Participant: 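Quick one: structure below, then a few questions.
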Amino acid sequence: MTEIKGVQKLYEAKQTNLPTNQTAHYYGRADGNVYVIYGTEYHTQTGKGKTKYIFARLNHCSYNFKGEVFKNNELLERELAGYRELDDQDTYKNLEVIETRKVSKELFPQIEQDFFKS
């Protein structure tokens with residue numbers, strides 16, 4: 001990821017409870033919010049598989065940007081490494097989708113930048 005001011009990439013998860021079989025990318029922002037970008041496949045009318053990327057805020061989480069502490073508001077505050085081990089079964093129901101874009105996988109780095117510009 002190219003550096004984006006005020007955004008810290010927290011981690012990537014290959015297996016999550018999100019509705020995807022692709023890697024989910026988690027970010028902390030200086031505003032204290034935690035975001036996720038993940039791709040999901042869809043098929044066009046011609047049957048060709050494409051990817052749409054979902055940019056969403058995790059409403060049950062927060063991030064202390066300066067202290068690099070990730071907090072699940074429903075659990076105790078933890079160091080980021082400790083959160084990776086937690087079960088994320090509530091993640092999907094606590095997502096607030098901000099934007100969805102249908103693009104090719106090759107454009108992911110640009111989409112990542114664009115999502116955080118707003």
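Positions are given from 1 along the sequence. Computed from a predicted model, the values in this text were never measured in an experiment.
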Participant: Under the criterion side chain to side chain contact (heavy atoms under 4.5 Å, CB included), I'd like the reasoning laid out for Thr40 against Thr51: C-alpha separation, chi angles, the key distance, then a yes or no.
Facilitator: CA-CA 6 Å; Thr40 144; Thr51 301; over 6 Å; no
Participant: On a heavy-atom basis, which atom in Thr23 and which in Glu12 lie closest, and how many Å separate them?
Facilitator: CG2-CB, 3.7 Å
Participant: Look at the side chain of Thr20 and the backbone N and O of Gly39, then say whether any donor-acceptor pair between them is shorter than 3.5 Å.
Facilitator: yes
Participant: Establish, yes or no, whether a centroid distance under 6.0 Å links the rings of Tyr11 and Tyr26.
Facilitator: yes
Participant: Under 6.0 Å between ring centres: does that hold for Phe115 and Tyr35?
Facilitator: no
Participant: Any chance you could measure Ile111, atom CD1, to Tyr53, atom OH, to the nearest 0.5 Å?
Facilitator: 8.5 Å
Participant: Please report the shortest heavy-atom distance between Leu18 and Ala24, naming the atom on each side.
Facilitator: CD1-CB, 3.7 Å
Participant: With side chain to side chain contact (heavy atoms under 4.5 Å, CB included) as the criterion, how do Glu41 and Gln22 come out once you've worked through the C-alpha distance, each side chain's angles and the decisive distance to 0.1 Å?
Facilitator: CA-CA 9 Å; Glu41 293 183 14; Gln22 298 182 24; 3.5 Å; yes
Participant: Step by step, work out the side chain to side chain contact (heavy atoms under 4.5 Å, CB included) result for Val97 and Arg57.
Facilitator: CA-CA 7 Å; Val97 174; Arg57 180 175 27 250; over 6 Å; no
Participant: Could you report the tightest heavy-atom contact between Ile37 and Phe55, atom names first, then the distance?
Facilitator: CG1-CD1, 3.6 Å
Participant: Using a strict 4.0 Å threshold on nitrogen-to-oxygen distance, state whether Arg101 and Glu99 make a salt bridge.
Facilitator: yes
Participant: Heavy atoms, side chains only, cut-off 4.5 Å: are Leu10 and Tyr63 in contact?
Facilitator: yes
Participant: Within the 3.5 Å criterion, strictly below it, is a donor on Tyr27 or Glu112 matched to an acceptor on the partner's side chain?
Facilitator: yes
Participant: Measure from NZ or CZ of Lys102 to the centre of the six-membered ring of Tyr42 and say whether it is under 6.0 Å with the direction within 45° of the ring axis.
Facilitator: yes
